[in-house]
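Accompanying notes for the structure given below.
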Amino acid sequence: MTEGMSLRERKKLQTRHRLLTAATELFAERGFDKVSVAEIAEAAEVSKMTVFNYFAGKEDLVLAPMEEHIGDVARVVRDRGPGESAVAAMRRQFLTAIEARDPSAGLSDAPVVLGLRRLIQETPALLIRAHAFSMRSFDLLAEVLVEEGEEPSIARIAAAQLIATRNALISANQMRLLAGESADAVAPDAVALAERGFDLLDKGLGDFATRSRGSRSDGAQGLSDPDPLDTP
């Protein structure tokens with residue numbers, strides 16, 4: 001990871017990691033709202049100003065690793081090779097991330113990463129911002145598809161499916177890691193799930209989940225089914 005970096009760059013990366021580690025440990029012990037930036041600085045053995053040199057505040061400290069990946073999908077699709085579909089490009093990138101046990105695929109079991117993921121799930125303010133990041137990823141991808149000539153509404157429909165699939169795969173991996181499984185144990189299933197998920201995108205939902213005859217109760221009537229869009 002540090003190969004090719006200058007000494008200055010390596011030191012900055014080390015300081016950033018030390019801040020993230022210190023913050024994660026403090027948040028786990030006392031909760032996000034009860035830890036100050038000054039306390040994080042003290043635990044990391046740096047000045048308070050150093051913390052602000054790296055992060056604008058506590059929320060940014062937690063969410064910075066996630067924010068760095070906002071443009072990943074748009075970039076992968078924009079940079080794909082001739083003859084490669086958007087789905088194929090995303091599949092390739094995601095499988096590579098799984099192999100690397102990358103946090104962007106939800107498959108890093110490093111303590112600091114798991115701590116940050118758990119904190120985000122447990123803190124409403126952080127969840128709201130994390131959702132905003134996902135929406136920004138969607139917007140960026142839709143913009144790329146429009147730039148390539150797709151009609152805006154179709155671009156947004158396709159982008160929604162691509163982003164939702166990726167997010168669902170990441171979430172499935174994270175849930176297992178947060179439950180205590182190792183990344184190496186989850187990886188084979190993560191690959192299989194990703195393949196199936198991207199297959200659905202590639203081939204279309206078509207006959208997916210087609211109801212077999214006789215599978216509904218005799219008294220069931222189609223008009224009585226709840227509209228899925230009305231489900232909270």
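These numbers were taken from a predicted model, which means no experiment stands behind them. FYI, the numbering just counts along the sequence from 1.
Checking side-chain atoms of Ser171 against main-chain N and O of Asn167 turns up no donor-acceptor pair under 3.5 Å. Without hydrogens or angle criteria, Gln121 side chain to Arg118 main chain gives no donor-acceptor distance under 3.5 Å. In this structure a side-chain-to-backbone donor-acceptor pair under 3.5 Å is missing from Glu29 to Leu26. Side-chain atoms of Ser137 come within 3.5 Å of backbone atoms of Ile70 as a donor-acceptor pair (strictly under, hydrogens ignored).
Of all the heavy atoms in Ala159 and Leu145, the pair that sits closest is N-CD1, 4.2 Å. Among all heavy-atom pairs drawn from Ala155 and Val146, the shortest one is CB-CG2, 3.6 Å. Between Pro124 and Glu122, the shortest heavy-atom distance links the atoms CD-O, 3.6 Å. Closest approach of Leu177 to Val186, counting heavy atoms only: CD2-CG2, 4.0 Å. Considering every non-hydrogen atom in both Val51 and Ala41, the closest pair reads CG2-CB, 3.6 Å. Ser134 approaches Ile163 most closely through the heavy-atom pair OG-CG2, 4.0 Å.
A salt bridge links Arg75 to Asp72: one of the charged nitrogens lies within less than 4.0 Å of a carboxylate oxygen. Looking at Glu148 and Arg78, no side-chain N of the basic residue comes within less than 4.0 Å of a carboxylate O on the acidic one, giving no salt bridge. Comment: Lys48 does not engage Glu39 in a salt bridge, judged by the lack of any side-chain N to carboxylate O separation of less than 4.0 angstrom. Between Arg101 and Asp184 there is a salt bridge, since at least one side-chain N of the basic residue sits less than 4.0 Å from a carboxylate O of the acidic one. We find that Arg129 and Asp60 are joined by a salt bridge, their nearest charged nitrogen and carboxylate oxygen being less than 4.0 Å apart. A salt bridge does not link Arg92 with Glu99: every distance from a Lys NZ or Arg NE/NH1/NH2 to an Asp or Glu carboxylate oxygen is 4.0 Å or more.
You'll find the side chain of Asp102 stays beyond 4.5 Å of the side chain of Ser108, heavy atoms only. Counting heavy atoms from C-beta on, the side chains of Ile120 and Met66 come closer than 4.5 Å. For the pair Leu114/Asp109, a side-chain contact is recorded, criterion being any heavy-atom separation below 4.5 Å from C-beta on. Using a 4.5 Å heavy-atom cutoff, the side chains of Phe27 and Val62 are in contact. Considering only heavy atoms from C-beta on, His69 stays 4.5 Å or farther from Phe133 through its side chain. In this structure, Arg166 and Ile170 have side chains that are in contact, with non-hydrogen atoms separated by less than 4.5 Å. The shortest distance between side-chain heavy atoms of Leu19 and Thr15 falls below 4.5 Å. Residues Leu61 and Lys58 fail the side-chain proximity criterion, which asks for heavy atoms closer than 4.5 Å.
The NZ atom of Lys11 lies 13.5 Å from the CG atom of Leu13; values are rounded to the nearest 0.5 Å. Interatomic distance, CG of Leu200 versus CD of Glu195, reported as 11.5 Å (0.5 Å rounding). To the nearest 0.5 Å, atoms NE2 (His17) and OG1 (Thr24) are separated by 9.0 Å. Distance check: Leu169 CG to Arg91 CZ gives 10.5 Å after rounding to the nearest 0.5 Å. We find the CG-CG distance between Asn173 and Asp189 to be 9.5 Å, quoted to the nearest 0.5 Å. Considering CG of Leu126 and CZ of Arg117, their distance stands at 12.0 Å, rounded to 0.5 Å.
When the shell of 6.0 Å around CD of Glu147 is examined, it contains more than 12 heavy atoms from other residues, nucleotides or ligands. Shown here is Glu151, whose CD atom has more than 12 heavy atoms of other residues, nucleotides or ligands within 6.0 Å.
If you chain together hydrophobic residues whose side chains sit under 4.5 Å apart, Leu162 and Leu140 never meet in one group. Both Leu63 and Val112 are members of a single hydrophobic cluster when ILVMFWY side chains are connected at heavy-atom separations under 4.5 Å. Under the 4.5 Å side-chain heavy-atom criterion for grouping Ile, Leu, Val, Met, Phe, Trp and Tyr, Leu127 is connected to Val35 within one hydrophobic cluster. Under the 4.5 Å side-chain heavy-atom criterion for grouping Ile, Leu, Val, Met, Phe, Trp and Tyr, Phe94 is connected to Val77 within one hydrophobic cluster. Note: the hydrophobic cluster containing Ile157 does not contain Met135 (ILVMFWY, side chain heavy atoms under 4.5 Å, direct or indirect links).
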Worked check of side-chain contact (heavy atoms from CB on, under 4.5 Å) between Phe32 and Glu59: CA-CA 9 Å; Phe32 179 76; Glu59 286 190 7; 3.8 Å; yes
Notebook entry, point to check: After noting the C-alpha distance and the side-chain angles of Asp139 and Arg156, does the key distance pass the side-chain contact (heavy atoms from CB on, under 4.5 Å) rule?
Noted result: CA-CA 8 Å; Asp139 288 336; Arg156 293 181 69 80; 3.7 Å; yes
inquiry  = Checking Val73 against Phe138 for the side-chain contact (heavy atoms from CB on, under 4.5 Å) test, could you report, in this order, the C-alpha distance in whole Å, the side-chain angles of both residues, the deciding distance, and whether it holds?
reply    = CA-CA 9 Å; Val73 177; Phe138 161 73; over 6 Å; no
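Between the side chains of Thr50 and Ser47, a donor-acceptor pair is found at a separation under 3.5 Å.
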